[in-house]
Student: 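Dropping the structure in here first, questions after.
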Amino acid sequence: KNQVEQSPQSLIILEGKNCTLQCNYTVSPFSNLRWYKQDTGRGPVSLTIMTFSENTKSNGRYTATLDADTKQSSLHITASQLSDSASYICVVMGNYGGSQGNLIFGKGTKLSVKP
Amino acid sequence: EPEVTQTPSHQVTQMGQEVILRCVPISNHLYFYWYRQILGQKVEFLVSFYNNEISEKSEIFDDQFSVERPDGSNFTLKIRSTKLEDSAMYFCASSEASQSAGELFFGEGSRLTVL
C-alpha cells in the first residue's frame with residue numbers, strides 16, 4: 001500500500017536552533033518527493049520538489065535530502081525563526097502517468113518555534 | 001505574485017443542503033484540483049480537471065460531488081447534499097502542466113462546517 005510516514009508528529013525548538021524532520025515512504029513506482037509548509041488554517045506552500053536523481057535541494061534555510069534507495073527524505077531547517085512555526089508535509093508522487101492525483105500526503109510534522 | 005483564490009473562506013451549512021465552493025486558479029494554468037483536509041488529518045485528493053473534464057477522481061469523489069468550470073476563470077466544487085462528515089477544509093490547486101515535476105499551487109482553503 002502506498003504510504004508516507006512522517007516523524008516526529010510534533011516538535012518544539014527554540015528560536016535560532018536547527019531541526020530535522022523525517023519522511024519515509026513506500027510509494028512505488030516513485031516519481032518525485034515534495035515538502036510543503038502549511039501555516040495553521042492556510043493552504044500548503046511548496047518548499048522543494050526532488051526527483052529520483054536528486055539527493056539534496058535547498059531553498060533558503062530549508063534543505064531537503066532524498067535517499068531513493070532507502071525511500072527516506074529529510075527536511076533540515078537552519079537557524080529557525082518564529083515564522084517557521086507550521087506543519088511540514090511530505091508528499092510523494094507515484095509515477096502512474098503524470099497526474100497530480102497520484103500525490104500521497106503525509107500527516108505532517110507540527111513544528112513550534114519558541115522565543 | 002499570482003495566486004489561487006478561494007471563496008468563501010468559511011461556510012456553515014445545515015446537513016442536506018447544497019454547497020458551492022469557488023476557486024479562481026492562476027490564469028495561465030491548465031490543470032485544476034480539489035483536495036480536502038479533515039481537521040487533524042492528512043490532505044486527501046478529490047479530483048483533477050483538465051480541458052473541461054475530469055481527468056482523475058478519488059473514491060471520496062462520489063455522486064454527491066461535482067466540479068465545473070462555468071467560465072474562463074472560475075472552478076467550482078459542488079456538494080449536493082452535505083453530510084456531517086463533509087466538514088473539512090477544501091483546497092483548490094492549479095498547475096501549469098500535469099508533468100510529474102510540475103509545481104502545484106494551493107489556495108488558502110474554504111472551511112466547510114456542516115451542522
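Here is how names work: the chains are called A, B, and so on, in the same order as the sequence lines, proteins then strands, and each is numbered from 1.
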Student: Using non-hydrogen atoms and a 4.5 Å limit, figure out which bit of Gln6(B) sits close to chain A: side chain, backbone, both or neither.
Tutor: neither
Student: Working to the nearest 0.5 angstrom, can you tell me the gap between Lys42(B) NZ and Ser87(A) OG?
Tutor: 13.5 Å
Student: How many angstroms lie between atom CZ of Arg34(A) and atom CD of Glu103(B), to the nearest 0.5 angstrom?
Tutor: 7.0 Å
Student: How far apart are the closest heavy atoms of Leu104(B) and Tyr36(A), and which atoms are they?
Tutor: CB-OH, 3.5 Å
Student: Check whether Tyr31(B) and Val24(B) end up in the same hydrophobic cluster, where Ile, Leu, Val, Met, Phe, Trp and Tyr are linked by side-chain heavy atoms less than 4.5 Å apart.
Tutor: no
Student: Kindly give the heavy-atom pair with the smallest separation between Phe91(B) and Gly43(A), and that separation in Å.
Tutor: CE2-CA, 3.3 Å
Student: Between Leu103(A) and Tyr33(B), is the side-chain contact (heavy atoms from CB on, under 4.5 Å) condition met? List the steps.
Tutor: CA-CA 11 Å; Leu103(A) 292 177; Tyr33(B) 315 87; over 6 Å; no
Student: Would you say CZ of Arg69(B) has more than 12 non-hydrogen atoms from neighbouring residues, nucleotides or ligands within 6.0 angstrom?
Tutor: yes
Student: Does atom CG of Leu39(B) have more than 12 heavy-atom neighbours, drawn from other residues, nucleotides or ligands, at distances under 6.0 Å?
Tutor: no
Student: Does atom CD of Glu59(B) have more than 12 heavy-atom neighbours from other groups under 6.0 Å away?
Tutor: no
Student: Do Val4(B) and Phe106(B) share a hydrophobic cluster, counting only Ile, Leu, Val, Met, Phe, Trp and Tyr and linking them when any side-chain heavy atoms are less than 4.5 Å apart?
Tutor: no
